[in-house]
Amino acid sequence: MDQHAADRARRELLAEPREILLAVRRRLPHARRLIEDLYRLGAYLDAPLDRFPEPAGGRDMGTDQHSRPFPRIKLRSIMRVRFAPSPTGALHVGGARAALYNWLLAHGPGEEGDDTPGTFVLRIEDTDRERSTEENVAQILDALEWLGLQWDEGPISQLGNTPRHQQALQQLLDDGFAYHCNANADDVKAYKEKHGAERGFRGEPDADGAVRLHVPDEGRTSFEDAIRGETSFPNASMDDPVIARADGSVLYNFAVAIDDLDAKITHVVRGEDHLSNTPKQLLVFEALGETPPKYAHLPLLHGPDGKKLSKRHGAASVQELRDAGYLPEAVNNYIALLGTGFAADEEFFTMAQMAELFRLERVSKSPAVFDEQKLRHMNGRYLRELSLDELTERLEKFTGKSGLRGAVEISREKIQTLADFWPLAGFLVDGPVDDPKAFQKVIGAEGGVQTLTAAREALAATDPFTVENIEASLRELVESSGLKPGQVFQPVRVAIAGTTISPGIFESVALLGKDRTLSLVDDALIKAV
RNA sequence: GCCCCCAUGGUCUAGUGGUUAGGACGCCUGCCUUUCACGCAGGAGAUCGCCGGUUCGAGCCCGGCUGGGGGUACCA
């Protein structure tokens, strides 16, 4: 008998036991559930009567203890969710939304009104040693902290679970659910050319090589997606996935299943790009004889071009949003809206409100386009709701300057992001900006110098130098000169700010004080001549 | 190619058999006004992707089509 025939004979011999084992494994979760239920029933029967009070309204049948309604048994009523980013780049808004939704779930009312607090686990998916970096891990943690999405457990490094992965891998190998295979990409391609494109790759077992998971040739692998409902994939079209490299290091689809299992994750909520990975992971659970978590696949976030949001769509990472001057509370609120509505006619919600109102089943199935303009709008509203002290603190942190309180007070109505502040009000601290065009257009205009000179006199005579008095003085000048308000105010504005954009002119002048204002006006007058 | 998912104004959403299809962003007009904003009052913009079916009646249910998206790695 040649080697090939021997292999085939061996395979055929193993096929039946494997099928039997699989069948048993498939029923194992049920068996487990049954055993746990029975255990709980025992606990229930032994428990004091008041532990499971009669349902409100009472029962209409039976009075003896044994006919009491069976207690609702929910093995997984306490939500354990996770966010598992791979550190191959910064945290982008799609990932941030996934993290947020998981956080909301952990802090929400739970399933069926069970208000036991859930647990939000953070795991770093770093099995890709080529692309994962420490810097990216640090960036992701930093971004999550900034957003206030505090995790309850972790961060768990997937790489740290290597022994357990090896053990589970060996188990699948021993039980015949996985096999070593030396087939490479060309072999897979050749296989499909021979068997048809709809036929998934099935390898020939080798003594060594990468490890592939056996996928059944028939039937479908299906699951109930919390957002999409019944979702199923034909097994025949699936390739036998490689779950470990030839050197023994495990791959994503295997590691996630093991880690979700070990962390007792109840709900896997992740992006739709993982939808077609789910059956592979389900097959791992099945081969292990374990009950898989529930899955929910979030619609993707798209850029304006309708493609999956990525770096090239501009401010796509959380860090970039922070640098663009957005508030974490606004980012959370806006991002949450990309995929679900919390109420028919309201869009502003606190984290607590969102956690209370969020329902996985209500998440949209279709992708959403990230619209920075709307984020800006929401950010502006959040900004204006901050107290003056709070906003000042954030702006001082953002700009790295201090003593900004007065400037913040008179600018807050005019900015939508923290980044808008300095260009508008920086002159109040650092002096006028250089804008020759504005200077020429306003002060260099016909009569500009005369008006500014008159304004200087009016301001010099103003005492005390308050907003009200300054306004009165300048308006008086408008009256007496017969000029339009703008013709008087704009030269003053350009003199003190260097440009035509500034907070309210009277407020700005008052904040600068008389000496500083007059000196700035003098500078402008000199420059104009 | 193959597998899977999706489809309400430009954008995000509400609406699950009977509504003038609601709200928000953006856009336009007016008011306010010292620039820019904010705020206020209005307005334009949707044959609910298309075709067929079920029903007295469909954005909502069913089928097909079209379009879009995701996956198809010894990445995650």
Side-chain angles (χ1 to χ4, degrees), chain A residues 84-89 125-132 158 181-185 188 192 196-200 209-212 225 227-228 231-234 236-239 241-247 249-253 255-256 270-279 297 299-300 302 304 306-308 334 337-348 362 364-378 380-381 384 411-416 420 424 438 442 471 474-475 478 484-490 492-494 497 499-506 508:
Chain A
S86 67
T88 54
E125 222 95 77
D126 51 5
T127 46
D128 184 346
R129 283 111 101 202
E130 304 272 296
R131 299 191 302 156
S132 300
Q158 196 156 52
C181 177
N182 275 311
N184 58 31
V188 174
K192 294 200 179 185
E198 72 285 357
R199 194 89 218 156
V211 179
R212 284 183 187 267
D225 188 284
I227 295 172
R228 280 147 222 284
T231 306
S232 104
F233 296 79
S237 70
M238 239 185 287
D239 291 338
V242 175
I243 56 175
R245 301 182 179 92
D247 67 6
S249 61
V250 296
L251 259 25
Y252 170 75
N253 278 122
V256 232
R270 69 224 307 192
E272 200 209 72
D273 47 345
H274 284 291
L275 195 58
S276 53
N277 285 327
T278 307
H297 290 91
L300 259 21
H302 284 179
K307 293 280 190 336
K308 185 173 160 182
Y334 173 67
L337 255 21
L338 256 26
T340 193
F342 294 91
D345 50 16
E346 181 53 62
E347 295 193 316
F348 287 82
R362 291 187 46 85
S364 159
K365 299 190 216 6
S366 52
V369 173
F370 180 80
D371 178 13
E372 199 174 335
Q373 288 204 94
K374 184 157 181 178
L375 206 209
R376 270 190 75 82
H377 168 83
M378 294 197 89
R381 283 195 48 175
R384 267 168 259 123
S411 314
R412 59 181 315 184
E413 291 299 317
K414 299 174 186 296
I415 59 174
Q416 285 187 298
D420 290 344
L424 177 75
V442 176
E471 175 163 9
L474 290 177
R475 287 206 186 278
V478 170
K484 286 180 185 167
Q487 287 178 290
V488 174
F489 303 146
Q490 282 300 77
V492 177
R493 187 190 310 280
V494 172
T499 183
T500 55
I501 295 176
S502 82
I505 188 68
F506 315 125
S508 298

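Chain A is the first sequence line, chain B the second, and so forth, proteins listed ahead of strands; every chain is numbered from 1.
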At 4.0 Å (heavy atoms only), tell me whether F233(A) reaches a base, stays on the sugar-phosphate, or touches nothing. sugar-phosphate

Taking 4.0 Å as the cut-off, does a side-chain nitrogen or oxygen of T127(A) come that near to OP1 or OP2 on rA76(B)? yes

Listed nucleotide nearest any side-chain atom of S276(A), set rA37(B), rG71(B), rG39(B): rG71(B)

When the P atoms of rC12(B) and rC51(B) are compared, how many Å lie between them, rounded to an integer? 23 Å

Taking atom C1' in both rC50(B) and rG59(B), compute the distance separating them and give it to the nearest angstrom. 14 Å

Each nucleotide in nucleotides 21-36 of chain B should get exactly one letter: B, S or -. Can you fill that in based on protein heavy atoms under 4.0 Å? -BBBSS-------BBB

Side chain of E413(A) - closest among rA76(B), rC38(B), rA7(B): rC38(B)

Distance in Å, K414(A) NZ paired with S502(A) OG, rounded so as to fall on 0.5 Å steps: 7.5 Å

Touch class at under 4.0 angstrom, heavy-atom based, for R412(A) against every strand present: nothing

Which nucleotide in the set rC3(B), rG69(B), rU72(B) lies at the smallest distance from any side-chain heavy atom of D239(A)? rU72(B)

Side-chain contact test, heavy atoms from C-beta onward, threshold under 4.5 Å: evaluate it for V256(A) versus N277(A) and give yes or no. no

Could you tell me whether H297(A) contacts a base, only the sugar-phosphate backbone, or nothing, with contacts defined as non-hydrogen atoms closer than 4.0 Å? nothing

Looking only at side-chain atoms of H302(A), point me to the closest of rA7(B), rC3(B), rG69(B). rG69(B)

With a 4.0 Å cut-off on heavy atoms, is T499(A) in touch with a base, just the backbone sugar-phosphate, or nothing at all? nothing

D420(A): what forms a salt bridge (charged side-chain N to carboxylate O under 4.0 Å, His left out) with it, not counting sequence neighbours? R376(A)

d(CZ, R129(A); C1', rA76(B)) in whole Å: 14 Å

First encountered from the 5' end of RNA chain B, between A368(A) and S237(A): S237(A)

Any strand counts, and the cut-off is 3.5 Å on both contacts for Watson-Crick or G-U wobble. Which nucleotide pairs with rA24(B)? rU11(B)

Check every strand shown and say whether A438(A) touches a base, only sugar-phosphate, or nothing at a heavy-atom separation below 4.0 Å. nothing

Do Q490(A) and T500(A) come within less than 4.5 Å of each other through their side chains, counting heavy atoms only? yes

Considering only side-chain heavy atoms of A197(A), which listed nucleotide, rA76(B), rG1(B), rG39(B), is closest? rG1(B)

Gap in Å between the two C1' atoms, one belonging to rU35(B) and one to rA41(B), rounded: 23 Å

With RNA chain B as reference, determine whether P85(A) or S364(A) sits nearer its 5' end, using the nearest nucleotide of each. S364(A)

Establish, with yes or no, whether the OP1 or OP2 oxygen of rG15(B) is under 4.0 angstrom from a side-chain nitrogen or oxygen of R362(A). yes

Say you pick atom P in rC25(B) and the same atom in rG43(B); how far apart are they, in whole Å? 16 Å

Does the side chain of S411(A) reach to within under 4.5 Å of the side chain of P503(A), using non-hydrogen atoms? yes

Between S364(A) and I227(A), which heavy-atom pair has the shortest distance, and what is it? O-CG2, 3.9 Å

Ion pair K192(A)/D239(A), N-O distance below 4.0 Å: yes

Side chain proximity check, T278(A) to F233(A), heavy atoms < 4.5 angstrom: no

Any idea which of rG69(B), rA14(B), rA76(B) is nearest the E272(A) side chain? rG69(B)

Looking at E347(A) and K374(A), is there a salt bridge between them, counting it only when a charged N and a carboxylate O are closer than 4.0 Å? yes

Across all strands, who's sitting opposite rC65(B) as a Watson-Crick or G-U wobble pair, both distances under 3.5 Å? rG49(B)

Which nucleotide, if any, forms a Watson-Crick or G-U wobble pair with rC40(B), using both distances under 3.5 Å? rG30(B)

Nearest to the side chain of S366(A), heavy atoms from C-beta on, is which of rC5(B), rC74(B), rU8(B)? rU8(B)

Distance between P atoms of rC48(B) and rG10(B) (Å, rounded): 12 Å

Span that lies between the C1' atom of rU55(B) and that of rG18(B), in whole angstrom: 12 Å

Taking atom C1' in both rC6(B) and rU47(B), compute the distance separating them and give it to the nearest angstrom. 22 Å

Nearest heavy-atom neighbours spanning T231(A) and D225(A): OG1-CB, 3.8 Å

Length of the line joining I227(A):CD1 and rG70(B):C1', which is rounded to integer Å: 15 Å

Who pairs with rU54(B) - Watson-Crick or G-U, where each distance is under 3.5 Å: none

Classify the side chain of N277(A) and the base of rA76(B) as holding, or not holding, a donor-acceptor pair under 3.5 Å. yes

What distance, rounded to whole Å, do you find between the two P atoms, one in rC40(B) and one in rG26(B)? 13 Å

